[in-house]
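Lettering of chains follows the sequences in order, A, B, ..., and the numbering in each one begins at 1.
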Amino acid sequence: MDEQPRLMHSHGVGMAGHPGLSQHMQDGTGGTDGEGRKQDIGDILQQIMTITDQSLDEAQARKHALNCHRMKPALFNVLCEIKEKTVLSIRGAQEEEPPDAQLMRLDNMLLAEGVSGPEKGGGSAAAAAAAAAAGGAGSDNSAEHSDYRAKLSQIRQIYHTELEKYEQACNEFTTHVMNLLREQSRTRPISPKEIERMVSIIHRKFSSIQMQLKQSTCEAVMILRSRFLDARRKRRNFNKQATEILNEYFYSHLSNPYPSEEAKEELAKKCSITVSQVSNWFGNKRIRYKKNIGKFQEEANMYAAKTAVNAANASAHGSQANSPSTPNSAGGYPSPCYQSDRRIQ
DNA sequence: GCGTATGATTTGTA
DNA sequence: TACAAATCATACGC
């Protein structure tokens, strides 16, 4: 097999200035008489050139005759080498590409989201991260988590099915082309190297399709994620009991409605919400109360009365009031109305 | 459908 | 960093 390149690169000038054929002719494969051999080759080339002018049957017969011609292997090798040195070498140089950075990014993202690579609970970690980013309480998001997981799992499944299809199609097409080229290499100057190159071209084409698949999968994950985050933003009213507890605290500490961290934690626990939700609630309440004290007057009076009753009951039973203690608390029963010396002004 | 209530977010400030 | 204020977006009652 290694015989041919050595023969082709040996010295001497052959047909069309190519050394390989000349050597073939001199080493016994091409006959003994130089002029005769040239004539031989000229005839072969002439036959090849005119083969398309003939009828199909004639052409087939001519093709067979040429295939069996004693000069055929040498001519074939020369043509292969010429082809290799011209078109293919240029194309080969052009097609050398560095590893695609975008593809790497897509791969990394798909891996991180749990779409590619080993399944890691359908991306529950990503869902949890998304939930954490949204600052959610976590108590009511289990349904949304499972929804997110289900949808991510769907994306994963589609991705893998499509990927499998592409790989199968790529393998089938590659095999087909390889067989075709091998078959054609009996009559056309197609070297194994060229077949190899063609295979790599096919792989490149298929990997660009694969990249499109990866890109659209990434987009789907992004959309799912943003929808999940949007869902986390959906407002849910606190239950009545939680609102009662928060209002009770607010109006019983009206002189200084700023619960300490400990009080916030206690309130959060009692209301089954997060500390930040307690902070949000107090922030909203303070500003809205301040903006419209008149509107809240009735509510304030009601809670003041309620707190008074609670306190009376507590003192009657020798126990303490129910509202969480706070270092900021002014103590006692504050007036239901804001005064000028209070912090909210 | 509309107005209001309300939880969450954003932005500016001390 | 906590808070005020403004704003957004949705829930809710009519």
Side-chain angles (χ1 to χ4, degrees), chain A residues 123-151 220-307 322-332 334-345:
Chain A
S124 57
S139 58
D140 62 326
N141 59 7
S142 58
E144 283 164 12
H145 267 215
S146 63
D147 192 37
Y148 180 90
R149 277 198 296 273
K151 289 203 167 82
V221 171
M222 285 284 107
I223 290 165
L224 175 67
R225 233 183 138 156
S226 77
R227 276 186 190 160
F228 178 75
L229 286 170
D230 283 347
R232 295 293 315 130
R233 286 168 66 123
K234 271 185 186 172
R235 193 175 61 77
R236 298 270 186 278
N237 284 357
F238 297 155
N239 62 42
K240 205 177 172 185
Q241 199 192 352
T243 312
E244 290 258 312
I245 292 166
L246 293 167
N247 271 317
E248 245 174 68
Y249 186 96
F250 180 81
Y251 287 110
S252 65
H253 297 80
L254 207 49
S255 59
N256 191 20
Y258 298 86
S260 64
E261 269 310 301
E262 292 77 24
K264 279 183 192 172
E265 277 169 24
E266 204 176 330
L267 285 166
K269 206 173 170 183
K270 275 187 170 181
C271 301
S272 303
I273 57 176
T274 63
V275 173
S276 59
Q277 281 178 304
V278 172
S279 300
N280 285 340
W281 189 91
F282 273 88
N284 285 324
K285 191 73 183 178
R286 280 192 298 265
I287 196 81
R288 282 161 190 165
Y289 182 88
K290 186 188 144 183
K291 271 187 175 178
N292 200 344
I293 294 172
K295 196 183 89 180
F296 287 96
Q297 191 68 64
E298 201 182 326
E299 189 179 67
N301 290 335
M302 187 192 82
Y303 278 103
K306 201 174 173 183
T307 311
N322 200 28
S323 63
S325 61
T326 166
N328 296 338
S329 171
S335 157
C337 302
Y338 262 75
Q339 304 298 318
S340 58
D341 62 335
R342 285 172 190 144
R343 187 167 171 183
I344 297 176
Q345 286 171 11

**Q** Check every atom of C/dA5, B/dA5, B/dA8 against the side chain of A/Lys295 and return the nucleotide holding the closest atom.
**A**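 Taking heavy atoms from C-beta onward, the closest nucleotide is B/dA5.
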**Q** Rounded to whole angstroms, how far apart are CZ on A/Arg286 and C1' on C/dA5?
**A**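 It is 12 Å, rounded to the nearest whole Å.
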**Q** Mapping A/Glu261 and A/Asn284 to their closest nucleotides on DNA chain C, which lands nearer the 5' end?
**A**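 Per heavy-atom nearest nucleotide, the more 5' residue is A/Glu261.
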**Q** Atom CG of A/Leu246 and atom C1' of B/dA5: how far apart are they, to the nearest Å?
**A**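 The answer, rounded to whole Å, is 15 Å.
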**Q** At under 4.0 Å, does any side-chain N or O of A/Lys285 touch on OP1 or OP2 of B/dT6?
**A**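 No, A/Lys285 has no side-chain N/O under 4.0 Å of OP1/OP2 on B/dT6.
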**Q** Is there a side-chain contact between A/Phe250 and A/Phe282, using heavy atoms and a 4.5 Å cut-off?
**A**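 Side chain of A/Phe250 against side chain of A/Phe282, heavy atoms only: contact under 4.5 Å found.
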**Q** Quick one: side chain to side chain donor-acceptor pair (under 3.5 Å) partners of A/Asn284, sequence neighbours excluded?
**A**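 A/Asn284 satisfies side chain to side chain donor-acceptor pair (under 3.5 Å) with no residue once adjacent residues are dropped.
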**Q** Please tell me if A/Gln277 has a side-chain N or O lying less than 4.0 Å from either OP1 or OP2 of B/dG7.
**A**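 Result: no.
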**Q** Give a yes/no answer on whether the side chain of A/Lys240 brings an N or O atom under 4.0 Å of OP1 or OP2 in B/dT6.
**A**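 False: A/Lys240 side-chain N/O out of range (4.0 Å or more) of B/dT6 OP1/OP2.
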**Q** Return the value, rounded to whole Å, for the distance between atom CZ of A/Arg236 and atom P of C/dT10.
**A**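 Rounding to the nearest Å, CZ of A/Arg236 and P of C/dT10 are 11 Å apart.
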**Q** Check the distance between B/dT6's P and A/Lys291's NZ and give it to me in whole angstrom.
**A**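 The answer, rounded to whole Å, is 14 Å.
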**Q** Can you measure A/Glu298 atom CD to B/dA5 atom C1' for me and round it to whole angstrom units?
**A**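 Interatomic distance, CD of A/Glu298 to C1' of B/dA5: 16 Å.
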**Q** Please enumerate all residues that pass side-chain contact (heavy atoms from CB on, under 4.5 Å) together with A/Glu299, with sequence neighbours excluded.
**A**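 Scan of A/Glu299 (side-chain contact (heavy atoms from CB on, under 4.5 Å), adjacent residues dropped) gives A/Asn247, A/Tyr251, A/Lys285, A/Phe296, A/Tyr303.
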**Q** May I have the distance from A/Asn280 (atom CG) to C/dA4 (atom P), rounded to whole angstrom?
**A**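 My rounded result for the distance is 12 Å.
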**Q** On the nucleotide C/dT1, are OP1 or OP2 found under 4.0 Å from the side-chain N or O atoms that A/Tyr258 carries?
**A**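 Indeed not, no polar side-chain atom of A/Tyr258 lies that close.
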**Q** I need the NZ-C1' distance between A/Lys290 and C/dA6, as an integer number of Å.
**A**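 Distance, rounded to whole Å: 12 Å.
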**Q** Given C/dA6, C/dA4, B/dG7, which nucleotide is nearest the side-chain atoms of A/Ile287?
**A**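 The nucleotide sitting nearest to the side chain is C/dA4.
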**Q** Indicate yes or no: does A/Lys269 engage A/Glu266 in a salt bridge with an N to O separation below 4.0 Å.
**A**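 A/Glu266 and A/Lys269: not salt-bridged.
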**Q** Among C/dC3, C/dC8, C/dA5, find the nucleotide with the atom closest to the side chain of A/Arg288.
**A**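 Between C/dC3, C/dC8, C/dA5, the one nearest the side chain of A/Arg288 would be C/dC8.
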**Q** Starting at CZ of A/Arg236, measure out to CD1 of A/Ile273 and round the result to the nearest 0.5 Å.
**A**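 Those atoms lie 15.0 Å apart.
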**Q** Could you tell me whether A/Asn237 contacts a base, only the sugar-phosphate backbone, or nothing, with contacts defined as non-hydrogen atoms closer than 4.0 Å?
**A**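 Sugar-phosphate contact only.
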**Q** Mind calculating the distance between OH (A/Tyr289) and C1' (B/dT6) to the nearest angstrom?
**A**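 One finds 18 Å between C1' of B/dT6 and OH of A/Tyr289, rounded.
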